[in-house]
Protein chains: 2
Amino acid sequence: MARAIFPAPDHDHERCASTAIAHAEAQCAARAQRLTPIRRQVLEALLASHKPLGAYEIIERIAGDTRPAPITIYRALDFLRDNGFVHRIASRNAFVACVHNHADDDLVVFLICERCGAVGEAPGAGVAEALKASSRTAGFSAKSPLIEIAGICSHCRER
Amino acid sequence: MARAIFPAPDHDHERCASTAIAHAEAQCAARAQRLTPIRRQVLEALLASHKPLGAYEIIERIAGDTRPAPITIYRALDFLRDNGFVHRIASRNAFVACVHNHADDDLVVFLICERCGAVGEAPGAGVAEALKASSRTAGFSAKSPLIEIAGICSHCRER
DNA sequence: ATATTTATGTTGCACTGCAACAAGAACCGC
DNA sequence: GCGGTTCTTGTTGCAGTGCAACATAAATAT
């Protein structure tokens, strides 16, 4: 189980990336949205790293003969986030591809390894309950919970 | 109880600010740390607003005849954060004064009102348990959980 | 009093994030 | 197919974030 959340350093990137792309394509088709070349490239870049990337890092990775402007990246990211293919890691001002196909408003807990930079998504069902209770006490109607935890991941710990 | 978490719009700023300053002074004295004029000014600016402020907003508010450089503000913020007097609201790239004297590694849940911008700190004891369990399952040793929830606060909702 | 630590000033820069407008590409109805 | 609408991308520009690196000043320690 522990291994399921943090991708092993030697796992098959190719396969998990192509699965995610396929999922994105299917979702877009279903919603009549367009996974344009740029959007696809941004998603692929994030999938290929499994770590949070900043806008400039994304530019680096998808730059060929031409360099996309930052705004282009941000627009692609906005699209990908709106459709749940990408998450923003606020504590790092960075973005990471989602590999979990969770439902729209599922609560997700991001576990961020301080050593290798990997990000795991832990299911947050139990946490969600506690959070709901906590915010209700404050007379607060919650919308989008953001949970990010820094620490050391299982793979880095083993060494 | 609901009222305790979000400061009422008409509450006594003066008093709650001076209490927090006094607390910061005491803590600094106890730890042989210096609450210098700049650090104090930054803390006071944040206390006076009860909303998250960005670095430039802080500069605006403490600028007299001279304008402190951004780095000066960031350094003061680093100090205040290290000592637990100020929290960073990552989802907004902003900072807010802490008015709760919680213990060093207490888990705090930030409730951020999308309408008025106020930030409440809800106690997160129950959430902490669930989170610990969740991250342990992932073989993850957690350090500093960050929980931010956007929504509508009790005061704004009443209208 | 001098050395050491600690804090602030100064300069400079890379990165974030987006607004506003222009131009191009895809889709729709006729 | 054609023109109009909508969606997407390109271009320019800018305010804000966040900090590195070095110089200077202030406080503490010896």
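The figures here come from the full heavy-atom set of this structure, side chains too, leaving out hydrogens, waters and symmetry mates. Sequence lines set the chain letters: A, B, ... in the order given, protein chains first and strands last, and positions in each chain run from 1.
The shortest non-hydrogen separation linking A:Ala138 to B:Leu111 is CB-CD1, 3.5 Å.
Side-chain proximity of B:Phe95 to the nucleotides C:dT10, D:dT12, D:dG18 is greatest for D:dG18. Checking C:dT11, D:dG18, D:dT9 against every side-chain atom of A:Arg39, the shortest atom distance belongs to D:dT9. Proximity note for B:Ile38 (side chain, C-beta onward) versus D:dT12, C:dT8, D:dC19: the nearest is C:dT8.
Residue contacts for A:Arg88: at a heavy-atom cut-off of 4.0 Å it reaches the sugar-phosphate backbone alone, with no base atom in range. Across all strands shown, B:Arg92 has no heavy atoms under 4.0 Å from either base or sugar-phosphate atoms. At a threshold of 4.0 angstrom between heavy atoms, the contacts of B:Arg34 are confined to the sugar-phosphate backbone, with no base atom among them.
Not one side-chain nitrogen or oxygen of B:Asn93 sits closer than 4.0 Å to the OP1 or OP2 atom of D:dG16. For the pair A:Thr72 and D:dT9, the criterion of a side-chain N or O lying under 4.0 Å from OP1 or OP2 is not met. For B:Thr36, a side-chain nitrogen or oxygen approaches OP1 or OP2 of C:dT8 to under 4.0 Å. Remark: B:Tyr74 is in phosphate contact with D:dG18, judged by side-chain N or O atoms under 4.0 Å from OP1 or OP2.
For the residue pair B:Gln33 / B:Asn83, a side-chain donor-acceptor distance below 3.5 Å is found, with atom types taken as modelled.
A 4.5 Å side-chain heavy-atom check between B:Glu44 and B:Ile62 finds every atom pair outside the cut-off.
Computed from coordinates, the A:Leu80 CG to D:dT8 C1' distance equals 14 Å when rounded to whole Å. To the nearest angstrom, P of C:dA7 lies 10 Å from CG of B:Asn83. Rounded to whole Å, the distance from CG on B:Leu35 to P on C:dA7 is 11 Å. Protein atom CD1 of A:Ile73 is 16 Å distant from nucleotide atom P of D:dT8, rounded to whole Å. Between A:Asp78 atom CG and C:dC18 atom P the separation is 6 Å, expressed in whole Å. When the C1' atom of D:dC7 is taken as reference, atom CD1 of A:Ile71 falls 15 Å away, rounded to whole Å. Taking atom CZ on A:Arg31 and atom P on C:dC27, their separation rounds to 18 Å, with Å as the unit. Atom pair A:Gln33:CD and C:dC27:P shows a separation of 13 Å (rounding to whole Å applied).
Of the two residues contacting DNA chain D, namely A:Pro70 and A:Phe79, the nearest-nucleotide position lying further toward the 5' end is that of A:Phe79.
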Could you check A:Cys153 against B:Phe140 for side chain to side chain contact (heavy atoms under 4.5 Å, CB included), going step by step and ending with a plain yes or no?
CA-CA 5 Å; A:Cys153 80; B:Phe140 189 83; 4.3 Å; yes
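Look at B:Arg40 and B:Glu25 and you find a salt bridge, because one of the NZ, NE, NH1 or NH2 atoms lies within 4.0 Å of a carboxylate O, short of that distance.
Under 3.5 Å, the side chain of B:Arg75 and the base of C:dG9 form at least one donor-acceptor pair of N or O atoms.
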